S.K.: 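Sharing a structure here in structure tokens format.
We name chains A, B, ... by the order of the sequence lines, and we start the count at 1 in each one. Being a predicted model, the structure only gives us computed values, none of them experimental.
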Amino acid sequence: MEQILALAKKAAKEAEVFEIASEETRVKFESNRLKQMRTNQSTSVALRVIKDGRIGFATAAGTADRQQLVKDAVETAAFGSRAKFKLPGDARYPKVDIFDPAVESVAIKDMVALGEEMVAALTEHTPGILCEASVTRSVINVRLINSRGGKAEYKKSFFGLDIEGNLITGTDMLFVGEQESSCRPITDPRQVTDPVLNQLDRAKEKAKSPTKLLPVVFTPNGVASALVMPLITALNGKTVYEGASPLGDKAGQKVFDKAFSLRDDPSLAYRPASRPCDDEGVPSQKTPLINKGTVRGFIYDLQTAALAGKKSTGNGNRGRGSLPNPTPSGLVITPGKTTFDEMVADIKEGLVIEILMGAEQGNILGGDFSGNVLLGFKIEKGKIVGRVKDTMVSGNVYKMLKDIAAIGSETRWVGGFLQTPPFYCKELSVSSKG
Amino acid sequence: MPQIEEVTQSLAEKLKKGKADYLEARFEETQTSQIVYRGKVLESIGRSTASGGNVRALVKGGWGFTSFNSYDGLNDRIPLAIEQARAAGTGKSHLAPVEPAKETVPSSAAKDPTTVSLAEKKRLLDEYNEIIWSIPQIKTSHIQYSDGRKKVIFMNSEDSFITQERADVTLYLSAIAAKDGEVQQVLISTGSLGDFSKITGLHKQVKEIAQNAVALLDAPQAKDGEYTVVLDPFLGGVFAHEAFGHLSESDFVYENDRLREIMELGKQFGDKHLNIVDSASDPAGMRGSYKYDDEGTPSVKTYLIREGKLVGRLHSRETAAKMNEKPTGNARAVSYRFPPIVRMTNTYIEPGAMSFQDIIADIKEGIYARKMYGGTTAMEMFTFSAGEAFMIRNGKIAEALRPVKLTGNVFNTLQNIDAIGNDLGMNQGGGCGKGEQMPLPVSTGSPHIRIRHCLIGGK
């Protein structure tokens, strides 16, 4: 890395080298049986240069040819966008616990046992179900140096469990599933299987949904699959800078229900989304985005912040080494006071939505969402009575979150990036073939 | 950087001597360029190179797989994969026989995009972007261009040694219009197997998407409910791929007895005029085309539905053996970091005899849906979003609508296709995702098709 930086500094005014290396081990179950064991080793290096005020960029995965990498980056700089930012110099980073050496020493046979326990929990509960499951452990190393003396390095461990069950009866197909991840080993598979057993219990009976406006409860998975994408897009500093965000000119204004608060938090201990700094070497910070219904902030990387006349919020994310983009780390929605059971009990006729399929396909910028209920349940007289099928739900995130019936008290992490309680919405448009 | 040819030479013999039921190795070299515009300015431009490989082993029905991009300790990779396979295997290995092949397949690129200068690429994209911005009420635009070359060397313990090269280019353009807090976008998503000239000369279409995005700001929303719907070739292709194609991927089916019953060959799935094909070999030169898949199996043309009957499905060597069918050459991996799984290639509904006019002629009130935002599926259920929609009234295309979303059960929908046009169109912009592996280059196609009783949701 140091050699790449030295070479690049000869050809360009500023330079930054970012390296990410990972080792991953995974055991995979298919059709209820152990099927595959896998290891992945990967290293990639990204070089960003600023030459004549313009940004050039190149990456190399595997054994990098240093000269070629520098040449590619410098060549693209001739066409690159104008660099408005300064690379950060030497900085102090907060201490964030994201590495547990115990992850690396989880034995393969223990990973297999975890997978077997997950599969057994589902197959014993529901004979005939076919499960795919995996247990993953990995360690990543991130290193970054730049021509202004900036330097960052950290190590992160990851442990993940996931299971998906598929039950076919006649031509009817039922999908259930859950996942859980942490920077520490997960030893209790029930963290993943209990919610799935719950889904299976609720799906035992079939129910019909009418075509009309109905109150809807979104579970944490439901919130993630239907509501979050439009918000992430609108709170992205880049969308705001372009003038395309419906929230862009609403900073300081109350746009949502006062029960709704959302922040970005990369500092939570042992969460896979946490880190001491972002991928540009900017120290991690907690960023309030929506506070009691009022828009409080947007997320920025260095370049977007400089263009917009703001400061980076430490959200420059580069995946496996691409150019940085403003991306949330860990999104946290503040829980409310109503339990899930209280929400259901409150509804005479309505739906519970666990997974809405295709919700991200609509007009995300406008806040519209709609999708097919892949897993959802009917509520009648305060009780979940069975699973609904062939049902579409549509609405608008902005209209819906302006006036919410309740936000739940029980939160859960979904997909490693969002901690959310259930949401209880007063009414959404539901259309169904019954 | 060591060339993968050098790295692989020593490995071929070692694969044959490994103590496993089957062993293979796959090495890959790629060079890609990407250019992104957001709004009026070029936002990012970059180049990437990558090189890496994997070894996969099969022992007693269990698979071991190890991928790497450091070639240090390469010799330990074969024993590692075997050890992993042994730990996973408890039954019997099944692999359909495939004739070993030794062949080098060069890139068929007509105008290789990787040989076009950055300046020329930028000039073209600048032209497109200026056209979008010339339309009043356009709020912003988004352009994503990428191209690349890829060389893959495949070898296995059965003495296959195949080198394949390909070049790929994709272009995504979106025009976003806004007024009074309303936002609408229309897009073009296209590509080619290595022919840069296929993405040039789109100036007229680019102007149309910008104009259409603006027009949508004032368009009404369709009322939710059941309609007779006509899909254009773009959306028909999405339906063939998303709704039906994924069900033909045998890795879903082969160990799932109940799904095997549903997908029993010979069952009538649609009307006599319905034919659905997946083929990496014919038509050639599409983004989903290749000669050998990532298990070294030659590609063939596979009828999935012929005259309305289910007659075939897509296989890897393992699924073919387990179902006692012939391998179809559909085992594909998105990169060296993943083992091959059963995937589609070029998937399309074959054209029939009807003209577009005849298809809409007897529709009193229906919807004509064109282009797409996206589509997803979960076995029998599908949802896809049209990019543009129009009412059909009394056999004529009437007012434009806000984009609609179509959803339904694939088995019912296939039965409800009652007219098939004579105008097959293939879309080259597709990138398919399955599990953790995406985007995989595919193409999809269809003529205009008519579907009765299709559920439409707005927004």
S.K.: I'd like to check the ring pair (Phe, Tyr, Trp, His ring centres under 6.0 Å) partners of B/H94; sequence neighbours left out, ordered by chain and number.
M.R.: none
S.K.: If we define contacts as heavy-atom pairs under 4.5 Å, which of B/A85, B/S67, B/A87, B/A119 has the most with chain A?
M.R.: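 Between B/A85, B/S67, B/A87, B/A119, the count favours B/S67.
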S.K.: Just by distance, with hydrogens left out, do B/N409 and A/D390 show a side-chain donor and acceptor under 3.5 Å apart?
M.R.: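 No.
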S.K.: When only pairs under 4.5 Å are counted, which of B/T140, B/L118, B/D72 shares the most heavy-atom pairs with chain A?
M.R.: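 Result: the option with the highest number of such pairs is B/L118.
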S.K.: Check each atom of B/E318 against the heavy atoms of chain A and say whether the ones under 4.5 Å are side chain, backbone, both or neither.
M.R.: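 Looking at B/E318, just its side chain touches chain A.
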S.K.: May I ask you to name which of B/L42, B/T30, B/L455, B/V41 has the most heavy-atom pairs under 4.5 Å with chain A?
M.R.: B/L42
S.K.: Count the heavy-atom pairs under 4.5 Å between each of A/N32, A/T43, A/T25 and chain B, then report the option with the highest count.
M.R.: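 Top option by heavy-atom pairs under 4.5 Å: A/T43.
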S.K.: Considering non-hydrogen atoms only, spot the tightest contact between B/I45 and A/I55 and give its length.
M.R.: CG2-O, 4.4 Å
S.K.: Would you call B/E43-A/K238 a salt bridge at under 4.0 Å N-O?
M.R.: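 Salt bridge between B/E43 and A/K238, a charged N being under 4.0 Å from a carboxylate O: yes.
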S.K.: Under the ring pair (Phe, Tyr, Trp, His ring centres under 6.0 Å) rule, collect the residues that match up with B/F411, sequence neighbours excluded.
M.R.: B/F269
S.K.: In terms of heavy-atom pairs under 4.5 Å with chain B, which of A/K28, A/E24, A/E75 leads?
M.R.: A/E75
S.K.: Answer yes or no: is there a side-chain heavy-atom contact under 4.5 Å between A/L130 and B/E255?
M.R.: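 Not in contact.
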S.K.: Test your reading of the model: is there a side-chain donor-acceptor pair from A/K35 to the backbone of B/A88, 3.5 Å cut-off?
M.R.: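 The answer is no, because no donor-acceptor pair under 3.5 Å joins these two groups.
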S.K.: List the atom of A/Q36, the atom of B/P339, and the distance in Å for their closest heavy-atom pair.
M.R.: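 Nearest pair, atom of A/Q36 first, then B/P339: NE2-CG, 3.6 Å.
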S.K.: Let me know if B/F382 has heavy atoms under 4.5 Å from chain A in its side chain, its backbone, both or neither.
M.R.: backbone
S.K.: Given that the side chain runs from C-beta out, which part of B/R86 has a heavy atom under 4.5 Å from chain A: side chain, backbone, both or neither?
M.R.: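 No part of it gets close to chain A.
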S.K.: Could you look at A/R48 and say if it's the side chain, the backbone, both or neither that has a heavy atom under 4.5 Å from chain B?
M.R.: neither
S.K.: Can you name the nearest heavy-atom pair linking A/L167 to B/R258, along with the distance?
M.R.: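 Shortest heavy-atom separation between A/L167 and B/R258 comes out as CD1-NH1, 4.0 Å.
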S.K.: Any non-hydrogen side-chain atom of B/D224 less than 4.5 Å from a side-chain atom of A/S394?
M.R.: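 Yes; the side chains approach each other to less than 4.5 Å.
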S.K.: For residues 36-45 of chain A, pull every pair meeting salt bridge (Lys or Arg N to Asp or Glu O under 4.0 Å), keeping only residues two or more places apart or in separate chains.
M.R.: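 For residues 36-45 of chain A, and leaving out neighbouring residues, the salt bridge (Lys or Arg N to Asp or Glu O under 4.0 Å) pairs sorted by first residue read A/R38-B/E436.
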S.K.: Between chain B and each of A/F79, A/F175, A/F29, A/Y398, count heavy-atom pairs under 4.5 Å; write down the option with the most.
M.R.: A/F79
S.K.: Could you go through B/F65 and A/M37, starting from their C-alpha distance and side-chain angles, then the distance that decides it, and tell me whether this counts as side-chain contact (heavy atoms from CB on, under 4.5 Å)?
M.R.: CA-CA 6 Å; B/F65 178 85; A/M37 288 184 49; over 6 Å; no
S.K.: Could you go step by step and tell me if B/S70 and A/Q41 meet the side-chain contact (heavy atoms from CB on, under 4.5 Å) rule?
M.R.: CA-CA 8 Å; B/S70 158; A/Q41 170 274 322; 3.7 Å; yes
S.K.: Who in residues 31-38 of chain B is close to chain A, using a strict under-4.5 Å heavy-atom cut-off?
M.R.: B/R38
S.K.: Heavy-atom distances under 4.5 Å only: say whether B/L80 touches chain A with side chain, backbone, both or neither.
M.R.: side chain
S.K.: Carefully, step by step, assess A/M173 and B/I262 under the rule side-chain contact (heavy atoms from CB on, under 4.5 Å).
M.R.: CA-CA 11 Å; A/M173 300 181 199; B/I262 295 171; 4.0 Å; yes
S.K.: Given the rule in the side-chain contact (heavy atoms from CB on, under 4.5 Å) test, do B/T49 and A/T59 qualify, once you have shown the distances and angles that lead to the verdict?
M.R.: CA-CA 6 Å; B/T49 57; A/T59 64; over 6 Å; no
